Q: 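Quick one: the structure is below, and I'll ask about it shortly.
Counting starts at 1 for both ligands and their atoms, in listed order. Predicted model only: the values in this text are computed from it and were never measured.
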Amino acid sequence: MGRRIAFVPTMGFLHKGHASLIREAARHGDDVVLSIFVNPTQFAPGEDLEAYPRDFDGDRKVAEKAGANVIYFPDVKEMYGKNYQTFVELEKIPAHLCGLSRPVHFRGVATVVTKLFNIVKPHTAVFGQKDYQQLLLIRQMVRDLNFDIEIIGGPIVREPDGLAMSSRNTYLTPAHRRQALCLYQSLQKAGEMVSAGVRVAAEISAAAKAIIKTCPDAQIDYIALCNPETLEIISDIKGQVLMALAVKIGNTRLIDNMLLNTESGT
Ligand code: PAF
């Protein structure tokens, strides 16, 4: 049997969340390939493509320490040559949550991940659960297009105070960094409410909204309680429910999510 390749696709500016994905990949493969590519097709005009943080030397250190032994670092011309015209699009998953305010995003993600899978040819690929909708989309795409690749979801890694790790956290001023905690606080509140027996989704959304509204620079994109498989919005909490949030703090758009469970209370 040949060597197994485990793959972690990223856009770089690696943090502890990426390091945990690399360590997870190392448990599944003999070789761990990390890609770093800030993919232009998943950014709409006016989004943060140019501003997106980049630090190849820092990334190399994090990647090597966590166990990656190959870094694939293509440039835009290599990925999207002259006359490029092929895109991968899913019909249903992008019609929810982030897809509503970022209409080209998931088409860009599905396209670049398809290309990366064809280039790297991994046996396993690891994606973070912070981008829950992205993970769901990749799983669906792998099933639909018969990729022979095992997809693994890595848990959200948080700062000690609960803020989900994200390369975009680097945009936050100290005041915005404090306000950014409202996403995690909302999710925690939701977990407590479900544990206390609340089953009406609108009550949970209202409590989350009240927390976020206390932050002067926060603007809610969505607070959604939805079916964790289809992302359809639900009104009653029964079994497992995904709570997902997107909130702009100043100009920085942050996302976070948590699975709520009526069985265990969270
Ligand atoms: O999650 C990311 O960093 C990106 O969306 C991905 C999967 C590397 C595709 O560009």
Q: Check for a donor-acceptor pair, side chain of D256 on one end and backbone N or O of L183 on the other, with a separation under 3.5 Å.
A: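 Side chain of D256 to backbone of L183, a donor-acceptor pair under 3.5 Å: no, none is there.
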Q: Please check: side-chain N/O of T111 versus main-chain N/O of V88, any donor-acceptor pairing under 3.5 Å?
A: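 Checking the backbone N and O of V88 against the side chain of T111, a donor-acceptor pair under 3.5 Å is found.
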Q: Does any N or O in the side chain of R139 come within less than 3.5 Å of the main-chain N or O of I151, such that one atom is a donor and the other an acceptor?
A: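 Yes, because the side chain of R139 sits within donor-acceptor range (under 3.5 Å) of the backbone of I151.
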Q: Enumerate the atoms of ligand 1 whose separation from the nearest heavy atom of V112 is less than 4.0 angstrom.
A: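 So the atoms of ligand 1 that pass are 9 (C), 10 (O).
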Q: Can you check whether G2's main-chain N or O pairs, donor with acceptor, with R4's side chain at less than 3.5 Å?
A: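 No, the answer is negative, given that no donor and acceptor are paired below the 3.5 Å cut-off.
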Q: For a 4.5 angstrom cut-off between non-hydrogen side-chain atoms, does P228 reach Y132?
A: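 In contact.
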Q: Can you list the atoms of ligand 1 that are under 4.0 Å from a heavy atom of T10?
A: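 Atoms satisfying the 4.0 Å criterion: 8 (C).
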Q: Below 3.5 Å, N or O to N or O, backbone or side chain included: is there any such pair between Q134 and ligand 1?
A: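 In this structure, Q134 places an N or O atom under 3.5 Å from an N or O of ligand 1.
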Q: To check your reading of the model: name the closest protein heavy atom to atom 10 (O) of ligand 1, its residue, and the distance in Å.
A: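 Protein heavy atom with the smallest distance to atom 10 (O) of ligand 1: Q42 OE1, 2.6 Å.
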Q: Show which atoms of ligand 1 fall inside a sub-4.0 Å distance from at least one heavy-atom site of M11.
A: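 Those qualifying, in numeric order: 3 (O), 4 (C), 10 (O).
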